[in-house]
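A short worksheet on the structure shown next.
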There are 2 protein chains.
Amino acid sequence: MSRYDPSAFPPFAVTVDLVVLTVRDHALCALMVRRGEPPFQGFWALPGGFVRPDEGLIEAAARELAEETGLRTHGAVGQEPGEGAHLEQLATYGDPQRDPRMRVVSVAHLALAPDLPTPRPGGDVRSARWAPVEELLGRGKDDGLLLAFDHTRILADGVERARSKIEYSALATAFCPAEFTVGELRQVYESVWGVSLDPRNFHRKVTGTPGFLVPAGGTTTRQGGRPAQLFRAGDATVLNPPMLRPDA
Amino acid sequence: MSRYDPSAFPPFAVTVDLVVLTVRDHALCALMVRRGEPPFQGFWALPGGFVRPDEGLIEAAARELAEETGLRTHGAVGQEPGEGAHLEQLATYGDPQRDPRMRVVSVAHLALAPDLPTPRPGGDVRSARWAPVEELLGRGKDDGLLLAFDHTRILADGVERARSKIEYSALATAFCPAEFTVGELRQVYESVWGVSLDPRNFHRKVTGTPGFLVPAGGTTTRQGGRPAQLFRAGDATVLNPPMLRPDA
DNA sequence: TCAAAAGTGTTAAAGCTACACCCATGC
DNA sequence: GCATGGGTGTAGCTTTAACACTTTTGA
């Protein structure tokens, strides 16, 4: 009866929060901002903000991402393939007590980006940094840094999504620049999963999966050793067979 | 700056919508309700409703599920193992135009339930039914029934989540009664995926996966033929190795 | 010349698929 | 007996994991 009564609904604020991940110095890192006002003043938090009345959820996330990092999102017009970040919805967090001031429902999004210059604090952000995920979350439970709100949980969910999604999708290339070598892609997997992989078997696997990688034509020796072929991300979005994590 | 200003936020309504799936007569079916008022009066829609000011998102979904079906959710107190439905968050839909009257953000949830007696229309629901998913979505694009709002999209996302999740998790048992046979579990997979599976290999696979099934001690001939062992769902939540869909 | 990373070959183990085959019940 | 579904065995194929080995550069 009153299920959709437009005049009598409880007041909610809707925000987007961003788990922005990249690989720096062989470590999976997340973009964190420091809060300048209460609650949780001085705590590290995920970037985010209110959804505007006239924009969709993913648009709000893309706008916040651009504001914080200057990154554009895959699919934006006038953009080279391989440029910009991958962006997808992660999950929604709406515990009645998650914000002490009012009822806030936050639609978290996950962004995967290649290594970027250190973030520019801009707009309403006091300071920002790339923080190693291991430092933020710790190795065990309740072993990490104390973040604002429920952002530890959101970050953990985002990291787990990224870790599992590169198993069966071609998303790992979102962490790489437009042209990259097989060894660089392997380092992405190793950094995100925190394991080491056999370079020979990895090479065979990724080059043998149709549509995952396409040769870009050149070679590079930027990793040292014998020159390596350069590749771009291919058309494939799904990896078949998947790249499975060891153990687990 | 104004990112969390609690006094100046745009007005949003927050609802939950439910994709409730079951297997009936060898077909994957979804619970649908008929709308009694505009907009989309007379259209079939997913069950759902407003989130109350003092309840969490999953609680709101569990409350709506109980109101529409009488189903309790896994983990509720005083409940036998194997009883009730599996419930998880699916995704959030917040296009500014998705409801013509006002800005509504809907947090969709996915529920998997064993075959139930035909739903009781109760509360504010005019009529309700279990509708075969193939009839609702059709086989190709734009080939199904026209549902209210963006519910075709939500339903399709829920169905795809269920289809892929039974590959690598033990969730298929959520479609079965507390005690079931290997053949009944196989029919669940066949109905959800719309394929047929080799009964011999399927049997070996599910009984050989540790923690998936535990013998319940008896046998039944309710499927005809030789008596089959009865099983309950085991502790395992992850299937390793996974049950992969043929082809795809 | 040497270290380092790229890439190929090979082999044994494990998993999957497609069957043949037997078992235990209801009718 | 005979149809029906339950359950086991097994041969052939594909995939994986581990590691020996060659290639090509920079220092």
Side-chain angles (χ1 to χ4, degrees), chain A residues 25-26 166-168 176 179-191 193 195-210 212-232 236 238-248, chain B residues 23 25-26 166-168 176 179-191 193 195-232 236 238-248:
Chain A
D25 302 324
H26 297 232
I166 64 174
E167 288 193 311
Y168 56 89
C176 294
E179 298 195 347
F180 53 90
T181 69
V182 171
E184 290 163 351
L185 182 63
R186 177 170 47 81
Q187 286 180 15
V188 165
Y189 275 92
E190 292 179 332
S191 303
W193 286 344
V195 299
S196 48
L197 301 171
D198 185 303
R200 293 98 61 158
N201 291 337
F202 182 88
H203 186 280
R204 221 190 326 259
K205 185 129 188 179
V206 296
T207 54
T209 299
F212 192 7
L213 303 181
V214 294
T219 62
T220 183
T221 59
R222 61 186 174 222
Q223 304 292 313
R226 167 175 164 180
Q229 271 191 273
L230 285 167
F231 293 89
R232 280 185 227 277
V238 172
L239 252 44
N240 203 314
M243 284 283 314
L244 294 175
R245 277 181 268 196
D247 312 322
Chain B
V23 173
D25 302 326
H26 297 232
I166 64 174
E167 287 193 311
Y168 55 89
C176 296
E179 299 195 346
F180 53 89
T181 68
V182 171
E184 289 163 352
L185 182 63
R186 178 170 47 81
Q187 285 178 16
V188 165
Y189 275 93
E190 292 180 330
S191 303
W193 285 345
V195 298
S196 47
L197 301 172
D198 185 303
R200 290 99 73 172
N201 292 336
F202 182 88
H203 185 280
R204 217 190 331 257
K205 184 128 188 177
V206 295
T207 55
T209 299
F212 192 6
L213 303 181
V214 294
T219 60
T220 181
T221 59
R222 62 188 175 220
Q223 303 292 314
R226 167 175 165 181
Q229 272 191 271
L230 284 168
F231 293 89
R232 281 185 226 278
V238 172
L239 251 44
N240 204 317
M243 285 282 314
L244 294 175
R245 279 181 266 195
D247 311 321

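In what follows, every chain begins at residue 1, and chains take the letters A, B, ... in the order their sequences are listed.
Rounded to the nearest 0.5 angstrom, B/Q223 CD and B/E184 CD are separated by 4.5 Å. Interatomic distance, A/Y168 OH to A/M243 CE, rounded to the nearest 0.5 Å: 14.5 Å. Summarising the geometry, atom CZ belonging to A/R186 is positioned 10.0 Å from atom OG belonging to A/S191; distances are rounded to the nearest 0.5 Å.
At the heavy-atom level, A/R186 lies under 4.0 Å from the strands shown only through sugar-phosphate atoms.
Taking atom CG on A/N240 and atom P on D/dT14, their separation rounds to 16 Å, with Å as the unit. Here C/dG26 presents its P atom at 15 Å from CZ of B/R222, a figure rounded to the nearest Å. Residue A/R245 contributes atom CZ, which lies 15 Å from atom P of D/dA17 at whole-angstrom precision. As rounded to whole Å, 19 Å separates atom P of D/dC19 from atom CZ of A/F202. Summarising the geometry, the separation between CD on B/Q229 and P on D/dG5 is reported as 19 Å, rounded to the nearest angstrom. For the pair B/E190 CD and D/dG5 P, the interatomic distance rounds to 12 Å; values are reported in whole Å. Rounded to an integer number of Å, the gap from B/L244 CG to D/dT15 C1' is 12 Å. Taking atom CG on B/L230 and atom P on D/dG6, their separation rounds to 12 Å, with Å as the unit.
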Between protein and nucleotides 19-24 of chain C, map the contacts as a letter string: B base, S sugar-phosphate only, - none, heavy atoms under 4.0 Å, written 5' to 3'. BB--BB
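Distances shown here put a side-chain N or O of A/H203 below 4.0 Å from the OP1 or OP2 atom of C/dG7.
Residues A/L230 and A/T181 form a side-chain contact, since some pair of their non-hydrogen atoms from C-beta on lies under 4.5 Å apart. A 4.5 Å side-chain heavy-atom check between A/N201 and A/K205 finds every atom pair outside the cut-off.
Under a 3.5 Å cut-off, the side chain of B/E167 and the backbone N or O of B/R245 do form a donor-acceptor pair. Between the side chain of B/E190 and the backbone N or O of B/L197, at least one donor-acceptor pair lies under 3.5 Å.
No option in B/W193, B/Y189, B/F212 other than B/Y189 meets the ring pair (Phe, Tyr, Trp, His ring centres under 6.0 Å) test with B/F202.
Place B/P242 and A/V182 on DNA chain C by their nearest nucleotides, and A/V182 ends up nearer the 5' end.
Checked against salt bridge (Lys or Arg N to Asp or Glu O under 4.0 Å), A/R204 has no partners two or more places apart in sequence or in another chain.
Annotation: the terminal axes of the helix from C/dT1-D/dA27 to C/dC27-D/dG1 meet at 0°, where each axis is the rotation carrying the C1' atoms of four end pairs onto the next four (5 pairs per end, rounded to 10°).
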